[in-house]
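First comes the structure, then the notes that go with it.
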There are 2 protein chains.
Amino acid sequence: MTKPILYHSPVCPFCQRIDILLALKGRQQDVDVHTLDLAVPRPDWLLQKTRGTPALPVLETADGHIVKESLVILQYLEDIFPDRPVARRDPWQRAVENMLTRMDVDFFSQGYAWLMNQDPARRDTMREGMLKQYAQLNDFLLAHAPGGPFLFEEFGWAETVFTPFFQRFWFLEYYEDFRLPDDARYDRVRQWVEACVTHPAAQQVSRELVIKFYYDYAKGCGNGVLPPGRRKSSLALEPDWRARPMPPQDKYCHSATDADLGL
Amino acid sequence: MTKPILYHSPVCPFCQRIDILLALKGRQQDVDVHTLDLAVPRPDWLLQKTRGTPALPVLETADGHIVKESLVILQYLEDIFPDRPVARRDPWQRAVENMLTRMDVDFFSQGYAWLMNQDPARRDTMREGMLKQYAQLNDFLLAHAPGGPFLFEEFGWAETVFTPFFQRFWFLEYYEDFRLPDDARYDRVRQWVEACVTHPAAQQVSRELVIKFYYDYAKGCGNGVLPPGRRKSSLALEPDWRARPMPPQDKYCHSATDADLGL
């Protein structure tokens with residue numbers, strides 16, 4: 001039987017959302033995965049399928065239809081694989097997780113903006129902005145799920161949406177020395193983050209993978225754009241990230257060469 | 001029996017989405033509506049309910065829970081009033097309408113940005129940006145629903161999401177002399193817009209209402225902020241908009257007084 005095909009990158013947090021959902025459902029064997037290298041432009045055959053959209057993930061259904069946007073793909077997979085539901089079925093609980101899900105854009109935008117910031121004078125503002133985002137999640141969780149660790153009894157839809165970003169933000173620990181302050185204002189969200197990043201269904205990436213792949217982002221260059229003087233993107237799948245040295249932590253005063261990065 | 005309460009403004013396009021959904025379901029009598037005046041700050045009792053969020057619409061469920069964000073409220077009402085479904089049930093069709101729905105932010109942001117623009121030198125750029133948005137909708141509809149007029153057989157979820165903005169953009173006709181060019185690139189989206197704005201379930205607002213309420217936006221002042229020299233917002237519910245004169249069309253070289261606007 002034809003399976004859906006997921007066009008995918010191991011670096012991409014939006015793609016990892018799909019991996020997590022399939023893991024929660026025990027459906028990894030029911031979707032074929034086609035891995036793409038984000039260091040090179042998307043191939044023409046894929047852009048034809050997506051009518052020009054380079055963004056991943058993309059799902060090709062068993063009928064040959066193309067589904068774009070991670071949240072839309074999550075819902076599609078939730079619908080075609082209804083066993084072991086990940087989304088809540090109760091209308092109010094579904095509304096709660098949808099409200100939390102809609103906080104994702106501001107959250108991840110702030111983290112990526114900080115990582116890509118190149119002006120040392122703006123670090124404090126960026127840190128404050130990031131803390132404000134965590135405080136908003138903390139407030140939401142205190143209002144709707146004070147006990148924790150998850151929004152409901154189990155790792156579910158909201159966790160599937162946010163966990164890839166909690167893990168990507170390991171890049172802020174490394175390149176910006178950012179950790180959530182030991183302050184009661186962040187206790188509830190800290191508990192959530194820790195339960196999310198250690199959940200068995202969400203182990204697709206490691207700190208080391210994130211830090212190595214995102215070096216160019218830390219130098220202000222996203223989506224495969226090359227920093228000055230470089231010939232190869234840190235997003236490249238080859239050489240294998242495990243074989244590369246850890247990048248320099250100082251993003252503001254130092255620029256690594258391809259050789260420094262093992263590329 | 002206790003009914004949900006909708007906190008609502010007749011000006012607000014996000015609120016109108018809820019009105020349309022309830023009309024499609026024939027459920028207007030099953031929700032109590034509390035109308036707010038956007039010309040004054042949100043009252044403390046409402047901000048307590050929403051934990052500080054001033055944005056409308058807000059739905060208070062029959063159990064006293066608070067649901068925020070129009071798309072979340074739509075889904076909640078779709079779930080508690082499952083008769084006459086508005087969202088598609090087929091997974092692929094649901095994915096199609098969800099993909100289209102996710103194009104809403106760029107679409108309405110462009111229209112509001114153009115309305116609020118105060119620099120005549122940027123008008124052409126704004127017009128091009130708006131046309132690009134319509135062209136993207138046109139392409140999507142041609143790919144997924146070439147026959148039309150709607151995305152599926154009937155006015156549904158995507159139409160509920162977009163129609164309030166098609167109607168708000170009457171302000172671009174009036175203040176920016178914008179109409180979709182008579183060009184085949186926009187034929188399919190023009191057909192969609194016309195079918196949407198004339199649908200019986202979407203007659204909550206008129207051109208005149210939109211043009212009068214949005215005068216201050218046309219002067220660059222959103223959300224009840226007052227233009228210089230003014231003492232009353234064009235968003236005010238009183239005096240009744242029907243009794244006010246039409247505002248001046250020239251937003252760039254002329255500033256109307258409260259008296260000119262009948263406020």
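All chains are named by letter (A, B, ...) in the order of the sequence lines, taking the proteins before the strands, and each is independently numbered beginning at 1.
Considering every non-hydrogen atom in both A/Tyr76 and B/Pro91, the closest pair reads CD1-O, 3.5 Å.
Interface residue A/Arg51: only side-chain heavy atoms are found under 4.5 Å from chain B. Using a 4.5 Å cut-off between heavy atoms, A/Ile66 contacts chain B through its backbone alone, with no side-chain atom that close.
Remark: A/Leu71 CG to B/Thr101 OG1 distance equals 12.0 Å, nearest 0.5 Å. Expressed to the nearest 0.5 Å, how far CD1 of A/Ile73 lies from CG of B/Asn98 amounts to 11.5 Å. Within the model, atoms CE of B/Met99 and CD of A/Glu69 stand 9.0 Å from one another, a figure rounded to the nearest 0.5 Å. Rounding to the nearest 0.5 Å places CH2 of A/Trp92 at 6.5 Å from OG1 of B/Thr61. The CG atom of B/Asp79 lies 10.5 Å from the CZ atom of A/Arg89; values are rounded to the nearest 0.5 Å.
Residues of residues 10-38 of chain B lying under 4.5 angstrom from chain A, judged on non-hydrogen atoms, do not exist. The contact list for residues 126-156 of chain B toward chain A, using heavy atoms and a distance under 4.5 Å, reads B/Asp139, B/Phe140, B/Ala143, B/His144 by residue number.
Within a 6.0 Å sphere centred on CG of B/Asp182, heavy atoms belonging to other residues, nucleotides or ligands number 12 at most.
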Is there a side chain to side chain contact (heavy atoms under 4.5 Å, CB included) between B/Val72 and A/Arg94? Walk through the geometry before answering.
CA-CA 9 Å; B/Val72 180; A/Arg94 183 80 180 124; over 6 Å; no
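Taking chain B as the reference chain and counting heavy-atom pairs below 4.5 Å, the highest number among A/Val67, A/Val96, A/Leu77 is found for A/Val67. Between chain A and the residues B/Gln75, B/Glu78, B/Lys68, the most heavy-atom pairs under 4.5 angstrom are made by B/Lys68.
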